[in-house]
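Read through the structure below, which is laid out as structure tokens, and then see the notes.
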Amino acid sequence: QQQVKQSPQSLIVQKGGISIINCAYENTAFDYFPWYQQFPGKGPALLIAIRPDVSEKKEGRFTISFNKSAKQFSLHIMDSQPGDSATYFCAASSTGANNLFFGTGTRLTVIP
Amino acid sequence: ETGVTQSPTHLIKTRGQQVTLRCSSQSGHNTVSWYQQALGQGPQFIFQYYREEENGRGNFPPRFSGLQFPNYSSELNVNALELDDSALYLCASSLGGDQPQHFGDGTRLSIL
């Protein structure tokens with residue numbers, strides 16, 4: 001059973017546009033929600049993370065929105081650039097647990 | 001600061017063989033986790049090591065085993081290789097607890 005569900009599977013955005021990737025979870029014990037960016041041939045790189053005590057976190061062009069009641073969180077990439085073209089994974093874990101549960105990934109393509 | 005390094009980068013084995021993958025954690029990180037990433041999927045947690053002891057395990061059979069050394073580096077051993085073991089194997093290190101996990105670029109294992 002997929003602990004974290006991610007959509008869409010793929011996304012094509014024009015340069016300068018907003019990319020939005022959504023994730024949902026069921027386990028209410030989850031309290032740490034990171035997003036990772038992965039380029040071909042590379043490992044996932046931590047992009048931004050949020051905990052449930054805030055509803056939004058922004059770092060540069062990247063924003064996480066978190067809705068605790070709906071058990072959903074999303075990544076917004078503002079002013080998307082061709083260099084943002086990569087696969088993005090959401091993940092979740094709970095305090096004291098050892099592992100991250102990953103979504104299935106979203107392949108983002110930003111067209112110049 | 002040196003990041004997480006993994007070796008080898010690529011490996012080809014045949015069914016039934018055994019393989020050892022290696023990981024050097026980021027400087028100062030005492031916790032190492034291993035993940036399996038099948039093509040087109042998100043990483044799946046195999047196990048975690050802290051202070052040379054296994055500290056949590058995912059849904060993987062006992063033929064997946066590991067070690068952590070006093071310098072915090074780690075090995076993943078897989079016995080009796082099966083075709084489905086073909087994947088990217090990722091190592092992630094952290095300071096433990098709720099600290100972020102940082103990934104290496106992985107070892108691509110192909111089983112013929």
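Side-chain atoms are counted along with the backbone in the values below, which use heavy atoms only and exclude waters and symmetry mates. Letters A, B, ... are given to chains in the order of the sequence lines, protein chains preceding strands, and every chain is numbered from 1.
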Can you tell which part of R51(A) gets under 4.5 Å to a heavy atom of chain B, answering side chain, backbone, both or neither?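 Interface part for R51(A): side chain.
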Under a 3.5 Å cutoff, is there a donor and acceptor pairing between the side chains of [X] and [Y]?
{"X": "S93(B)", "Y": "H29(B)", "value": "yes"}
{"X": "D79(A)", "Y": "Q81(A)", "value": "yes"}
{"X": "T20(B)", "Y": "Q18(B)", "value": "yes"}
{"X": "S69(A)", "Y": "N67(A)", "value": "yes"}

Of the backbone (N, CA, C, O) and the side chain (C-beta and beyond), which part of Y50(B) lies under 4.5 Å from a heavy atom of chain A, both, or neither? neither
Contact part of Q48(B) toward chain A, heavy-atom cut-off under 4.5 Å: side chain, backbone, both or neither? side chain
Within residues 71-89 of chain B, which residues come under 4.5 Å of chain A, heavy atom to heavy atom?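 The stretch touches chain A at L88(B).
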Is it the case that atom CG in L112(B) sees more than 12 heavy atoms from other parts of the structure closer than 6.0 Å?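 Yes.
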Got more than 12 heavy atoms from elsewhere within 6.0 Å of CD, Q44(B)? no
Return the orientation label for the F102(A) and F103(B) ring planes: parallel under 30°, perpendicular over 60°, tilted otherwise.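 Judged by the thresholds at 30° and 60°, the geometry between F102(A) and F103(B) is perpendicular.
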Under 4.0 Å between a Lys/Arg side-chain N and an Asp/Glu carboxylate O for K57(A) and E59(A)? yes
Are any side-chain N or O atoms of Q6(B) and backbone N or O atoms of C91(B), one a donor and one an acceptor, separated by less than 3.5 Å?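 Yes.
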Please check this pair: side chain of Q17(B) against backbone of T14(B), looking for a donor-acceptor N/O pair closer than 3.5 Å.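 Yes; judged by distance alone, with no hydrogens or angles, the pair exists.
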Can you list everything that forms a side-chain hydrogen bond (donor to acceptor under 3.5 Å, both in side chains) with S80(A)? Sequence neighbours excluded, please. S19(A)
Are F47(B) and Y49(B) near enough that their ring centres are under 6.0 Å apart?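 Yes; Y49(B) has its ring centre under 6.0 Å from that of F47(B).
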Heavy atoms under 4.5 Å from chain B: which residues of residues 4-12 of chain A carry them? none
With a strict 4.5 Å heavy-atom criterion, list every residue of residues 25-46 of chain A that contacts chain B, or say none. Y32(A), Y36(A), Q38(A), G41(A), K42(A), G43(A), P44(A), L46(A)
CD1 on I111(A) to OG1 on T109(A), rounded to 0.5 Å: 7.5 Å
Euclidean distance, L75(A) CG relative to C90(A) SG, rounded to 0.5 Å: 9.5 Å
